[in-house]
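Okay, structure first, notes after.
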Amino acid sequence: MPAHDGNDAEILRSLAAGERSAFETLYRQHNGAMVRVASAILDNHASAEEVAHETWIAVLHNIGGFEGRSSLGGWIFTILSNKAKTRAMRDNRSVSLDTSANDDEFADAFDGRGRWKHMPDLWDELTPERVVAGRQILDHVGDAIDALPPAQRAVLVLRAQQRLDAQEVCKILEITEGNMRILLHRARRRLRQAIDGAAG
């Protein structure tokens with residue numbers, strides 16, 4: 001069962017009432033992730049931005065038809081995914097989400113629930129220098145997310161950043177739960193390496 005955001009109903013009421021601030025909130029919450037997921041499907045940033053724009057138009061036109069069978073975020077990303085896949089077919093692009101290749105680079109990094117066994121070192125004290133360094137690391141991690149292989153990037157953004165339910169992510173990307181876990185593990189492993197490299 002998808003995990004619903006407690007604010008979904010309030011946002012829907014505000015959108016239906018035509019409140020601009022509700023759309024702006026939703027836009028800030030999802031647009032960056034939408035472009036990342038669409039670019040993972042399309043392998044083209046400019047096309048991904050266009051698909052995200054088309055998705056927002058569709059969301060606003062169809063918000064009255066949202067039935068709550070998934071989270072609002074899940075519904076938005078389903079529309080995005082469908083539009084991106086249609087665009088990919090039109091542009092003769094395809095992205096493989098196959099994780100069948102043998103890869104054990106991440107095998108010992110996570111426990112059975114998909115959490116890091118050893119978290120990256122955290123600073124004990126916050127100083128102005130460490131705050132600045134932390135911001136630089138966040139920028140580095142953002143770049144590392146953008147550099148992930150497309151399937152890993154899409155799963156990481158949907159599952160870890162947008163916190164969509166695992167079943168929703170699998171449905172949006174048309175992959176199995178096992179496939180999703182492998183992709184998420186690989187993405188987390190690469191980000192761990194990026195964090196360690198930036199902090200070192």
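Please read all numbers here as calculations on a predicted model, not as lab measurements.
- One distance of note links OG1 of T176 with CD1 of I182; it measures 7.5 Å at 0.5 Å rounding.
- Between I172 and L164, some side-chain heavy-atom pair lies under the 4.5 Å cut-off.
- Note that CE of M180 is 5.5 Å distant from CZ of R159, once rounded to the nearest 0.5 Å.
- Between E49 and H45, the side chains place a donor N or O and an acceptor N or O closer than 3.5 Å (distance only, hydrogens not considered).
- Residue D146 comes nearest to R153 through the heavy atom pair O-NH1, 3.1 Å, listed as atom of the first residue, atom of the second, then distance.
- Following chains of ILVMFWY side-chain contacts shorter than 4.5 Å, one cannot reach V35 starting from L80, and the two form parts of different hydrophobic clusters.
- When L183, V155, L156 are each tested for a side-chain contact (heavy atoms from CB on, under 4.5 Å) with L148, only one passes: L156.
- Between W56 and Y27, the two ring planes are tilted [angle within 30° to 60°].
- A33 and V157 get closest at one heavy-atom pair: CB-CG1, 3.3 Å.
- In this structure the side chain of F66 never reaches within 4.5 angstrom of the side chain of V59, judged on heavy atoms.
- Closest heavy-atom contact between V51 and A38: CG1-CB, 4.4 Å.
- Note that CG of D43 is 11.5 Å distant from CG of D91, once rounded to the nearest 0.5 Å.
- Taking the side chain as every heavy atom from C-beta outward, I76 and L26 approach each other to under 4.5 Å.
- Of all non-hydrogen atoms in R87 and S47, the two that sit nearest each other are NH2-OG, 3.6 Å.
- Taking the side chain as every heavy atom from C-beta outward, Q162 and V37 never approach each other to under 4.5 Å.
- Shown here for S14 and A22, the closest heavy-atom pair between the two residues is CB-CB, 3.4 Å.
- The backbone N or O of S71 lies less than 3.5 Å from a partner atom in the side chain of E168, making a donor-acceptor pair.
- Rounding to the nearest 0.5 Å places CG of L42 at 10.0 Å from OG1 of T86.
- One distance of note links CG of N31 with NE2 of H53; it measures 10.5 Å at 0.5 Å rounding.
- R36 CZ to L158 CG: the interatomic distance, rounded to the nearest 0.5 Å, is 12.0 Å.
- Within the 4.5 Å cutoff, side-chain heavy atoms of I41 are placed close to those of S81.
- Placement of F77 and L60 within a single hydrophobic cluster is found when ILVMFWY residues are connected by side-chain heavy-atom separations under 4.5 Å, directly or transitively.
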